[in-house]
Amino acid sequence: MVRHVISWKDWDGKEIAEMIELGIDIKNNPEKYNEELKDQSLIMLFEKTSTRTRLSFEIGMTKLGGHGIFFDWAKSNLGITEANLESAVMSRYAEAIMARLKKNETLMKIAAGASVPVINALCEKYHPCQGLADYMTVKELAGEYSNARMVYVGMYNNVANSLVSAGTALGCEVYCVTPEKNAPAHDEELLEKARKTGLFHETLDVKEALDTDKTVFLYTDTWIDLEFITNPDFADEKERRLKSMMPYQLNKKMIEGSEPYILHCMPIHLGYEMNEDLLPENYAKTKIYRQAENRMWAQMGLMTYLNRNKE
Ligand code: CP
């Protein structure tokens with residue numbers, strides 16, 4: 001049976017670690033892999049905007065000897081029929097489907113009809129490809145997952161879910177400092193699985209979360225889903241959230257007395273979830289560009305893993 005990458009809660013730590021090791025090996029020895037996906041095609045279905053995901057998947061496919069084809073939801077016939085019928089057809093053209101959709105429900109319908117792997121490139125619940133790149137960055141900088149602590153500060157959202165599920169599966173401590181939760185992202189099953197590892201912690205005290213001898217990765221993300229940022233109907237809620245979340249802005253004052261690596265999945269809203277004083281030119285341990293670059297290598301590892309392990 002074909003396996004899809006919807007959320008890391010469906011995969012074990014050994015499998016995730018293997019994808020990351022492949023990503024690291026591809027990054028260090030790209031020439032070894034330049035025919036890995038020769039003549040293969042990846043359909044890249046987008047219902048939402050993107051910079052990193054679009055570019056890293058398409059260029060990653062090219063580097064592996066294959067081809068990524070951009071497929072715009074708005075210009076497709078997906079909106080006027082059943083998504084599973086369309087994905088059954090898509091599976092006859094391409095070896096894999098990557099999809100960035102507004103609703104996990106639609107993604108699940110696409111996965112139900114597909115006979116090739118479907119890779120979730122962000123929905124309201126999960127962002128597994130982001131999590132994979134983030135832990136590749138942790139592996140590179142901390143050496144071992146067990147030597148690292150991921151501290152996520154901000155709105156509990158799709159990215160937080162992927163950090164919690166992938167991190168705890170890999171053996172990394174994960175602290176969440178999330179005074180507000182984005183309701184559509186809630187997944188009790190995922191949280192329960194993470195709690196059982198003993199590696200997942202929740203607190204509202206940033207200093208407590210940063211207080212460890214381990215290598216700390218302090219991470220944040222937008223406080224508002226991208227499609228709502230300029231939506232006038234969301235203006236009041238946006239104002240409320242900005243006020244409520246401001247004490248949790250990542251800035252030099254927050255990290256006084258510690259020296260964490262700083263991560264952000266980008267795009268950044270400077271002056272909101274992260275201050276300018278933590279940009280790489282102002283703080284050497286901010287690794288946002290390495291992290292964004294690793295989206296490409298980690299996804300190449302993921303696609304190589306899926307191709308090598310298909311049944
Ligand atoms: N982090 C991320 O998914 O970036 P894009 O939205 O630009 O793809």
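Remember, it's 1-based here, ligands and their atoms both numbered in the order they're listed. Only this structure's heavy atoms are used, side chains among them; waters, hydrogens and symmetry mates stay out.
- Where the criterion is an N or O separation shorter than 3.5 Å, residue side chain and backbone included, Cys265 meets it with respect to ligand 1.
- Remark: Thr304 engages no residue in a side chain to side chain donor-acceptor pair (under 3.5 Å) (not counting sequence neighbours).
- Identified under the side-chain hydrogen bond (donor to acceptor under 3.5 Å, both in side chains) test for residues 204-215, with sequence neighbours left out: Thr203-Glu208.
- Asp25 has a carboxylate O that lies under 4.0 Å from a charged side-chain N of Lys32, or vice versa, which qualifies the two as a salt bridge.
- The aromatic rings of Phe217 and Tyr261 sit parallel to each other, their planes meeting at less than 30°, with 60° as the upper class boundary.
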(request) Begin from the C-alpha positions of Arg290 and Glu293 and carry the test salt bridge (Lys or Arg N to Asp or Glu O under 4.0 Å) through to its verdict. (result) CA-CA 5 Å; Arg290 176 193 282 251; Glu293 180 191 336; over 6 Å; no
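- When Arg295, Arg52, Arg54 are checked for heavy-atom proximity to atom 4 (O) of ligand 1, Arg52 turns out nearest.
- Short contacts between ligand 1 and His127, defined as distances under 4.0 Å to a heavy atom of the residue, involve ligand atoms 2 (C), 3 (O).
- Heavy-atom proximity to Arg100, at under 4.0 Å, picks out these atoms of ligand 1: 2 (C), 3 (O), 5 (P), 6 (O), 8 (O).
- Every atom of ligand 1 with a heavy atom of Gln130 under 4.0 Å away is listed here by number and element: 1 (N), 2 (C).
- For a threshold of 3.5 Å applied to N or O pairs, the pair formed by Thr49 and ligand 1 contains no separation below that value.
- Atom CD in Glu105 sits 11.0 Å away from atom SG in Cys123 (nearest 0.5 Å).
- Backbone and side-chain nitrogen or oxygen atoms of Met266 are examined, and one is located within less than 3.5 angstrom of a nitrogen or oxygen of ligand 1.
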